Amino acid sequence: MLDKVRDLQQQIEHYTITSPEQLEQFRMRFISRKGVITELFEQLKLVPPADRRAVGLELNALKNAAQTQFEQFSQLMDEQQTMTGTAPPIDLTLPTLPNLTGTQHPLSLVRQRIIQIFERIGFNVADGPEIESDWYNFGALNFPDNHPARDMQDTFFVEKAAYGGTDMLLRTHTSNVQIRLMERQSPPIRSIMPGRVYRNETISARAHCLFHQVEGIYIDRNVGFKDLKDTLYHFVKELFEPGTQIRFRPSYFPFTEPSAEIDISCQICGGKGCNICKHSGWVEIAGSGMVDPQVIANCGIDPEEYTGFAFGMGIERITQLKYVVNDLRLYTENDVRFLRQFEGL
Ligand code: PHE
């Protein structure tokens, strides 16, 4: 019996296979329940009891050796099949795991587009504080003391005590950055300032206490109203659908003179009249004007030598017109069904 076991051990050790058929032969002969090793286990009871234990141990070792050899052969065959291309092909149509990457927020997309348009015509991007003093948000911009914007109802004021008794507030527009730029820099100044602004409004479909603006300023020698018009015509042409009409409507801002609001033909109805444009065919997109000489002087620049224009627009508003977003609250609710619609834009 022991001779038989050792003989089989030799066989297994020196076995070679070159094909899947031979692998199967090996399995049938050494591994399967009808194979030689199972047969030997059955014969174990015929071995004299004194030798049975020793033979049993050898037999177990033989069984393990056969198993190890079989696994190595199987692996060898798999590798060979992969290399020769005879393995079953990979199923490229199997569904993959869902790819859960985020999407860009529509306000970010529109902000980036606005920045891109202005950067290409020589504007750079400037930034400034959101918690601001009364002077930079109102005073330097010619807001009279009794202007309604300075009312608690329209502006969020910050506890005076926290700022050593100075009147501080959450900026109501990004015009504060225009003042800071003009103070710091000598002309030419050609910048846009995107950023968050705050107004004390009750949150509804049409108003929010937090929104985003992009304002712009250009100060140099001989800057005129024509430059303002050229710049904003170009901007509208770049951002909106071809054929969009633009008009300047006289308006008033304390810091510009003359001032104009800019309307474009309604993107939703094409000017025929709908709910968005309140049946007028026009929608307002921005405020603008020639910077008041007093504001320029407030920043230490000589208004006799330098003139300039400024404009400001709300990013939410532009996004609403471009993508027909009819409720401002959608921008901050983070509902993925809303956000996913802007994927890949
Ligand atoms: N600051 C104005 C606003 O927030 C917009 C504006 C900017 C108007 C520059 C004219 C010139 O409404």
Side-chain angles (χ1 to χ4, degrees), residues 111 114-115 118 123 125-130 132-144 147-151 153-156 169-182 189-201 206-220 223-233 235-236 246-264 283-296 298-299 301 303 306-318 320 328:
R111 185 192 62 227
I114 295 172
I115 291 173
F118 283 107
F123 284 78
V125 176
D127 201 4
E130 289 174 32
E132 190 53 286
S133 70
D134 183 277
W135 169 252
Y136 285 109
N137 194 81
F138 291 133
L141 288 148
N142 269 356
F143 279 78
H147 193 283
R150 287 186 147 161
D151 196 285
Q153 313 232 296
D154 289 309
T155 303
F156 290 112
L169 44 87
L170 300 184
R171 67 177 178 194
T172 60
H173 48 191
T174 54
S175 306
N176 65 324
V177 188
Q178 304 189 9
I179 300 300
R180 286 176 174 276
L181 269 182
M182 284 194 282
I189 297 168
R190 192 158 49 191
S191 301
I192 53 168
M193 25 250 135
R196 273 182 226 122
V197 301
Y198 305 83
R199 291 184 196 176
N200 194 354
E201 307 261 7
R206 306 180 135 263
H208 209 288
C209 58
L210 159 73
F211 60 101
H212 300 78
Q213 282 189 330
V214 179
E215 292 205 2
I217 190 164
Y218 179 26
I219 305 279
D220 203 352
V223 177
F225 200 81
K226 175 186 181 298
D227 301 300
L228 166 64
K229 278 183 105 171
D230 279 350
T231 305
L232 290 167
Y233 269 87
F235 169 71
V236 168
I246 179 168
R247 76 176 183 191
F248 281 66
R249 191 165 30 80
S251 185
Y252 172 79
F253 299 102
F255 39 92
T256 48
E257 178 61 34
S259 306
E261 270 166 335
I262 296 144
D263 296 341
I264 59 168
V283 285
E284 185 201 318
I285 57 156
S288 69
M290 299 308 294
V291 181
D292 193 301
Q294 182 60 52
V295 174
I296 295 181
N298 286 345
C299 303
I301 295 173
Y306 292 104
T307 53
F309 67 76
F311 55 87
M313 64 191 98
I315 303 182
E316 277 80 354
R317 176 81 173 144
I318 306 269
Q320 174 195 29
L328 274 175

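Both counts, for ligands and for their atoms, begin at 1 and track the order of listing. For reference, positions follow the sequence shown, starting with 1. The shown structure was predicted, so the numbers you read here are calculated from the model rather than taken from an experiment.
When side chains are defined from C-beta on, I219 counts as touching I296, because their heavy atoms get closer than 4.5 Å.
Of all atoms in ligand 1, numbered sequentially from 1 with element shown, those under 4.0 Å from a heavy atom of S175 are 1 (N). Using a 4.0 Å cut-off to heavy atoms of F311, the atoms of ligand 1 that qualify are 7 (C), 9 (C), 11 (C). Residue G287 has at least one heavy-atom neighbour below 4.0 Å for each of these atoms of ligand 1: 8 (C), 10 (C). Taking every heavy atom of G312 and a limit of under 4.0 angstrom, the matching atoms of ligand 1 come to 6 (C), 7 (C), 9 (C). In the vicinity of S288, heavy-atom distances shorter than 4.0 Å reach the ligand 1 atoms 8 (C), 10 (C), 11 (C).
Ring-plane geometry between H173 and F138 is classed as tilted, the angle between the planes lying from 30 to 60 degrees on a 0 to 90 degree scale. Taking the six-membered ring for Trp and thresholds of 30 and 60 degrees, F309 and F123 have ring planes inclined between 30 and 60 degrees apart.
Given atom 12 (O) of ligand 1, the protein heavy atom at minimum distance is R199 NH2, 3.8 Å. Protein heavy atom at the shortest distance from atom 4 (O) of ligand 1 is Q213 NE2, 2.9 Å.
The environment of CG in D127 is sparse: at most 12 heavy-atom neighbours from other residues, nucleotides or ligands sit within 6.0 Å. Counting non-hydrogen atoms of other residues, nucleotides and ligands closer than 6.0 Å to CZ of R247 gives a total above 12. Within 6.0 Å of atom CZ in R249, more than 12 heavy atoms from other residues, nucleotides or ligands are found, so the atom counts as buried in its surroundings.
Taking any N or O of T256, backbone or side chain, none lies under 3.5 Å from an N or O belonging to ligand 1. Looking at E215 next to ligand 1, an N or O pair under 3.5 Å apart turns up.
Under a cutoff of 6.0 Å and an axis angle of 45°, R199 and F211 do not form a cation-pi pair.
Remark: distances from the non-hydrogen atoms of F309 to ligand 1 are all 4.0 Å or more.
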